Amino acid sequence: MELSRRVVAVAPSVTLAIAARAKQMQASGLDIISLSAGEPDFDTPSYIKQAAIEALQKGDTKYTPATGTLELRKAICEKLSRDQNLSFTPEQIIVGTGAKHAIFNVLFALLNEGDEVLIPSPYWLSYPEMVAVLGGKSIFLKTTETTDFKLTPEILKTGIHPKSKILILNSPSNPTGAVYTREELVGLVQVLKEFPRLVILSDEIYEKLIFDGFKHYSIASLDPEIARRTVVINGHSKAYAMTGWRLGYAACPDKELAKAVGGIQIHSTSNPTSFAQAGGVLALQKGEDDAAQMCRSYEKRRNLLFEQIKALPKMKPFRPQGAFYLFVNTREIGIDSVKLSERLLEEAHVAVVPGKPFGSDDHIRLSFATSEKNLQEAVRRLAAWLNKQ
Ligand SMILES: Cc1ncc(COP(=O)(O)O)c(C=O)c1O
């Protein structure tokens, strides 16, 4: 069948291929340790589940407004005000089935054929694929360990021009775990002010997973003019261990954009699941202690994995300040990231994610959203494998 040009532009997923192979090996009885998860290993806190169960029992089984219930959108506005000092009204909030969905719909509403989207690299692998499907053009702004995988004003200036349409910022970052400080964001704001047409898409999905006493800042909170052209993306998946619930949102700076994003949703997926939204309200109102507790566990695991991987030969981990990934420079091993990931799976029985689809073939990504016992055993296997090389 002849597929659309847009779909042909999407790259096949190497990550999924490796994950499928790991599952196949596990099913055949092999003991595989997976450090590939992009989701919390914790369960959703019970009172959040209870809220969804009660919603179902009282007949909350019908369509809701396509952009989410008013109750949930109000709770999101309260959260954004409380945590980031951002002011939004419920009409500006579009709740979708996950942050991924929200990002896609915002890009859909903004991009014309050939529009340029600035993406700091390494990046979350779905950004360029979404841009490609929508006919846009990704312009990668390369960062390395030298700038702690963060965009600097100088790097930003190399790719930005008056016709650039969107800049995607992701702090804390997947895959590097880099977190921008307030001062670093202010530095970027100075450059962004010279390009008034540019829209900023600030993906803050890992906001609650932040270590070393760091504080998360939304770029929208730093300057009123920047706030008027920043779309804030967030969701429930990572903070409250709710990946399967599929709840995420876009907070749009103006009602026109919100109407456009909402319009796409009305004619495609309609509302996120009714009773999931009821749980989503409670997560935002009562979930802070649990989110903080899970964050402390990730920090402990980060410390363990970082120190142990750092001690291995030819592996140079970047110390993440947020999210739950360790981005490890493996260039000295001399094998590209896809081949290396395949070999670690086949020969060491450790599943990792290659850096290539995230924009760096010199790295692999290890997730520490798994138990300390698993992390320790994975390191032992990696050490044994490296010893044999
Ligand atoms: C950077 C980033 N943004 C957005 C998402 C999407 O999250 P969800 O669709 O589960 O809300 C993810 C998920 O892995 C992510 O890593």
Side-chain angles (χ1 to χ4, degrees), residues 13 15-16 19 34-42 44 48 68 72 76 79 93-108 117 119-131 138 143 149-151 166-180 200-210 216 218-219 231-251 261 265 268-269 272-273 276-277 279-280 283-284 287 291 294 298 320-327 353 355 357-360 365-370:
S13 170
T15 325
L16 283 186
S34 178
L35 303 187
S36 62
E39 62 180 342
D41 55 323
F42 298 105
T44 307
I48 300 175
L72 179 54
I76 290 168
K79 178 249 173 290
I93 309 294
I94 311 296
V95 189
T97 52
K100 191 181 256 181
H101 185 214
I103 296 168
F104 187 86
N105 284 354
V106 170
L107 293 176
F108 200 129
V117 181
I119 306 179
S121 148
Y123 44 77
W124 180 43
L125 46 78
S126 290
Y127 300 139
E129 302 304 337
M130 291 187 197
V131 171
S138 294
T143 72
F149 288 117
K150 287 184 257 192
L151 206 55
I166 301 174
L167 165 69
I168 300 183
L169 278 182
N170 174 217
S171 176
S173 147
N174 175 8
T176 66
V179 178
Y180 286 84
I200 299 124
L201 190 147
S202 181
D203 179 351
E204 303 178 15
I205 188 85
Y206 292 98
E207 168 211 357
K208 301 278 177 195
L209 279 62
I210 200 154
H216 168 79
S218 172
I219 195 164
V231 183
V232 176
I233 301 287
N234 210 327
H236 291 64
S237 288
K238 319 285 177 175
Y240 312 107
M242 293 175 72
T243 45
W245 294 61
R246 308 312 299 131
L247 287 176
Y249 53 89
V261 179
Q265 204 154 292
S268 53
T269 54
T273 304
Q277 293 187 65
L284 293 175
M294 287 188 259
Y298 293 127
Q321 281 140 357
F324 40 58
Y325 308 108
L326 191 73
F327 207 50
V353 179
F358 297 91
S360 174
R365 192 195 74 175
L366 315 185
S367 163
F368 45 90
T370 187

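Order of listing sets the numbers, starting from 1, for every ligand and every atom in it. As the structure is a computational prediction, the values presented were derived from the model and not from experiment. As a basis for the values below, the full set of heavy atoms in this structure was taken, side chains included, without hydrogen atoms, waters or symmetry mates.
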State whether the shortest distance between N or O atoms of [X] and N or O atoms of ligand 1 falls below 3.5 angstrom.
{"X": "Lys100", "result": "yes"}
{"X": "Ile205", "result": "no"}
{"X": "Tyr206", "result": "yes"}
{"X": "Asn174", "result": "yes"}

Exercise: identify the closest heavy-atom pair between [X] and [Y]:
{"X": "Thr97", "Y": "Pro272", "result": "CG2-CA, 3.9 Å"}
{"X": "Ile48", "Y": "Gly279", "result": "CG2-O, 3.3 Å"}
{"X": "Thr243", "Y": "Pro40", "result": "CG2-CD, 3.9 Å"}

- Message: To check your reading of the model: name the closest protein heavy atom to atom 12 (C) of ligand 1, its residue, and the distance in Å.
- Response: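 Sorting protein heavy atoms by distance from atom 12 (C) of ligand 1 puts Trp124 CZ2, 3.4 Å first.
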Part of [X] within contact of ligand 1 (heavy atoms, under 4.0 Å):
{"X": "Asn170", "result": "side chain"}
{"X": "Arg246", "result": "side chain"}
{"X": "Trp245", "result": "neither"}

- Numbered atoms of ligand 1 (with element) below 4.0 Å of Ser237, judged on heavy atoms: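 With Ser237 as reference, the close atoms of ligand 1 come out as 8 (P), 10 (O), 11 (O).
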- Query: Short list, please: which atoms of ligand 1 are under 4.0 Å from a heavy atom of Tyr127?
  - Reply: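 Per the distance check, 1 (C).
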- Message: Please verify the inter-ring angle class for Phe108 with Phe104; under 30° counts as parallel, over 60° as perpendicular, anything in between as tilted.
- Response: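 Phe108 and Phe104: perpendicular rings.
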- Measure the acute angle between the ring planes of Tyr206 and Phe324, then classify it against the limits of 30° and 60° as parallel, tilted or perpendicular.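 Answer is perpendicular, since the angle exceeds 60°.
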- Message: Between Leu169 and Asp203, is the side chain to side chain contact (heavy atoms under 4.5 Å, CB included) condition met? List the steps.
- Response: CA-CA 6 Å; Leu169 278 182; Asp203 179 351; over 6 Å; no
Does ligand 1 have any atom sitting under 4.0 Å from a heavy atom of [X]?
{"X": "Tyr123", "result": "no"}
{"X": "Gly98", "result": "yes"}
{"X": "Ala99", "result": "yes"}
{"X": "Lys238", "result": "yes"}
{"X": "Asp203", "result": "yes"}
{"X": "Glu39", "result": "no"}

- Message: If you count every heavy atom of other residues, nucleotides or ligands that lies below 6.0 Å from Lys150 atom NZ, does the total exceed 12?
- Response: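 More than 12 heavy atoms, drawn from other residues, nucleotides or ligands, come within 6.0 Å of this atom.
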- Asn234 versus Glu204, side-chain donor and acceptor atoms under 3.5 Å: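 No, no side-chain donor-acceptor contact under 3.5 Å.
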- Query: So, Ser173 versus Ser171: side-chain donor-acceptor pair below 3.5 Å or not?
  - Reply: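 Distance-only check fails for Ser173 and Ser171.
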- Report yes or no: does Tyr180 contribute a side-chain atom to a donor-acceptor pair with the main-chain N or O of Leu151 at less than 3.5 Å?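 Checking the backbone N and O of Leu151 against the side chain of Tyr180, a donor-acceptor pair under 3.5 Å is found.
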